[in-house]
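Notes follow once the structure below has been shown.
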Amino acid sequence: MAGVLGGTEIAIAYKIGYVLNFYREPSFRRIETEFGITRPEIVTLIVLNYREGVTASDICEFSGHLKANISRGILALEKKGLLRREADAADRRRQFLFMTEAGRALYARYIPMLREREKAMLACLTAAERRSFERILDKLAAHVPDWAAAGEL
């Protein structure tokens, strides 16, 4: 495995993807199975827990998910009573999204699993390495708008 991880022409991107896949895939599969919500629904609730009153487009911009998938997730969450929408008074076509109490309760049930998995993923790092890693990730994340085309989402 070390040969593949270090031997590709896109070694850094490949390693980031490798680590993220082993964090995200088992975590999201477990949430899907135990709580009956899909990945776009999981991501939508994560975003809404951070900041309510956003739009589907805002969630796509934050998550990199396709608009069609997020839109389906929003419809499903609404049908399940986990979020509600409010029309923008200035533009009735625009909808702001908010978690319901049931949405908050569901989020509170699955987020501890994600936190524990993150803790396990980072267990090999010292506290100083974690702080450095987080600073580097912050810098990379801030740089995304400079190289990622908005039309790709």
ask   = Is the closest side-chain heavy-atom distance between E116 and M113 below 4.5 Å?
value = no
Minimal heavy-atom distance between L122 and R130, with the atoms involved, is O-NH1, 3.4 Å
Find out whether L114 and I46 are in side-chain contact, i.e. whether some heavy atom of one side chain is under 4.5 Å from a heavy atom of the other.
yes
Problem set entry | More than 12 heavy atoms from other groups under 6.0 Å of CD on E134 | no
In terms of heavy-atom contacts, M99 and R104 come closest through O-NH1, 2.7 Å
- Task: Look at the side chain of D138 and the backbone N and O of R135, then say whether any donor-acceptor pair between them is shorter than 3.5 Å.
- Result: no
Whether T100 side chain and L82 backbone form a donor-acceptor pair below 3.5 Å:
yes
To the nearest 0.5 Å, atom CG of L125 lies from atom CZ of R131 at 11.5 Å
Q. Does R84 reach the main-chain N or O of F98 with its side chain, forming a donor-acceptor pair under 3.5 Å?
A. no
To the nearest 0.5 Å, atom CD1 of I74 lies from atom CD of Q95 at 9.5 Å
To the nearest 0.5 Å, atom OG1 of T38 lies from atom CG of L77 at 7.0 Å
Salt-bridge contact E25-R39 (side-chain N to carboxylate O under 4.0 Å):
yes
**Shared hydrophobic cluster, V43 / F96 (ILVMFWY, side-chain heavy atoms < 4.5 Å)** = no
Rounded to the nearest 0.5 angstrom, the NE2-CZ distance for H65 and R72 is 12.0 Å
Sub-3.5 Å donor-acceptor pair from the side chain of Y14 to the main-chain atoms of E9, do we have one?
no
Using a 4.5 Å cut-off on heavy atoms from C-beta on, say whether the side chain of S132 contacts that of E129. no
Here the pair of heavy atoms bringing T55 nearest to R94 is CG2-NE, 3.8 Å
Quiz item: With a 4.0 Å cut-off, would you call E41 and K80 a salt bridge?
Solution: yes
Linked, directly or transitively: F35 and L45 (ILVMFWY side chains, under 4.5 Å) | yes
- [ ] Please work out whether the ring planes of Y107 and Y110 are parallel, tilted or perpendicular, with thresholds of 30° and 60°.
- [x] perpendicular
Q | Flag for S27-R24: side-chain donor and acceptor within less than 3.5 Å | A | no
Side chains of D58 and V47 in contact at under 4.5 Å (non-hydrogen atoms)
no
Taking every heavy atom of G73 against every heavy atom of P40, the minimum-distance pair comes out as CA-CB, 4.4 Å
Checklist entry - Do L97 and I59 come within less than 4.5 Å of each other through their side chains, counting heavy atoms only? => result yes
Problem - pair F62-T44: side-chain heavy atoms closer than 4.5 Å - result: no
- Query: Going hydrophobic residue to hydrophobic residue with side-chain gaps under 4.5 angstrom, can you get from L75 over to L106?
  - Reply: no
So CD1 of I16 and CG of N21: to nearest 0.5 Å the spacing works out to 11.5 Å
